[in-house]
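Residue indices begin at 1 and follow the sequence shown. Read the numbers this way: they start at 1 and go in the same order the structure lists the ligands and their atoms. Only this structure's heavy atoms are used, side chains among them; waters, hydrogens and symmetry mates stay out. Just so it is clear, the model here is predicted, and its values are computed rather than measured.
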Amino acid sequence: MSSIHFEINDHIGFITLNRPDKLNSFNREMALLMQDALDLCKDKKVRCVYITGEGKAFSAGQDLTEVVDPKGPGMKKILSEHYNPIILRIRRLEKPVIAAVNGVAAGAGANIALCCDVVVASEAASFLQAFSKIGLIPDSSGTYFLPRLIGWQKASSLMMLGEKVPAADAEKMGMIYKVFSSDSFAEESKKIAITLAQMPTKGLFYTKHALNSSFVNSLAEQLELEDDYQQKAAKTDDYEEGVKAFLEKRQPKFNGE
Ligand code: T3D
């Protein structure tokens, strides 16, 4: 049994965190295998990525037994070789990445979910910036994305107090996109993946990268970038098909090119 399960179905790369007896907490093996799985998602036949957890948790973040293991990787490697490369792979991937948060998401587990393009959760899920409770700071891009998602004050308070946020509250405060009932979660979250995998993949990629840059660009720079990406989007097969299908009053059939 591998700590990451990976398969491609219907143009979707399914990545399942698979250490359920450890609440899918990350050890070195799982972090490196997740990077490999994200690399496999660069393949053209993958048009959307779906990340979830096996069992009752999404992920409890860093496996804390590994950090006290004298033969373990140590703090420096844990960030520079495990989490940071995962976050950068997700943000740079030229297709949408969905986090389907099935249960508790804590520490790095929460922040990996929150850096994804679409974050949905089961009503059984919760989000926890667990770091302050053990004397650490929020990593895995938490200090970057969380204040941008929910505002500085809420982010700062959640990071310092380390309170667990139920999925329904996370949705209300704009931390995540949608919550589904436990019964419908698997089906509804996969429906989103299927929809995205059939959409104009390059257009979605340009949208993702424009959003990445909007955090740092001036208005003038961002307008220039939108212009540049729009010229590129307008040269895709999918743009041609989208306009043609609209004028012919039929459903478009996008090929992702
Ligand atoms: O050096 C570094 O650490 C750098 C890296 C930083 C990145 C990080 O992610 S730091 C944050 C690490 N994560 C945490 O601090 C979360 C710790 N876990 C919890 O707070 C709770 O377990 C949860 C809120 C996630 C879930 O609570 P609950 O009540 O549903 O489950 P539980 O009973 O606490 O846990 C079940 C078992 O999983 C338990 O083991 P046992 O008693 O059944 O043998 C527990 O010890 C284990 N477990 C949970 N989280 C972790 C873990 N074991 C190792 N590492 C964990 N992170």
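- Across Val97, Leu38, Leu40, a single residue satisfies side chain to side chain contact (heavy atoms under 4.5 Å, CB included) together with Ile15, and that is Leu38.
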Tabulation required: pairs of a nitrogen or oxygen in ligand 1 and a protein nitrogen or oxygen under 3.5 Å; columns are atom names and distance to 0.1 Å; otherwise 'none'.
unit_1: ligand 1; atom_1: 9 (O); unit_2: Gln62; atom_2: N; d: 2.9
unit_1: ligand 1; atom_1: 9 (O); unit_2: Ala108; atom_2: N; d: 2.8
unit_1: ligand 1; atom_1: 13 (N); unit_2: Ala60; atom_2: O; d: 2.9
unit_1: ligand 1; atom_1: 55 (N); unit_2: Leu64; atom_2: N; d: 2.9
unit_1: ligand 1; atom_1: 57 (N); unit_2: Ala60; atom_2: O; d: 3.2
unit_1: ligand 1; atom_1: 57 (N); unit_2: Gln62; atom_2: O; d: 2.8

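- Classified by interplanar angle (parallel below 30°, tilted 30° to 60°, perpendicular above 60°), the ring pair Phe185/Phe180 is tilted.
- Atom CD1 in Ile4 sits 8.0 Å away from atom CG in Asn18 (nearest 0.5 Å).
- Checked by atom type, the side-chain pair Gln222/Glu226 shows no donor-acceptor distance below 3.5 Å.
- Screening residues 148-167 for side-chain hydrogen bond (donor to acceptor under 3.5 Å, both in side chains), with sequence neighbours left out, gives Gln153-Ser157.
- The only option from Ile86, Thr16, Ile90, Val119 that meets the side chain to side chain contact (heavy atoms under 4.5 Å, CB included) definition with Ile51 turns out to be Ile90.
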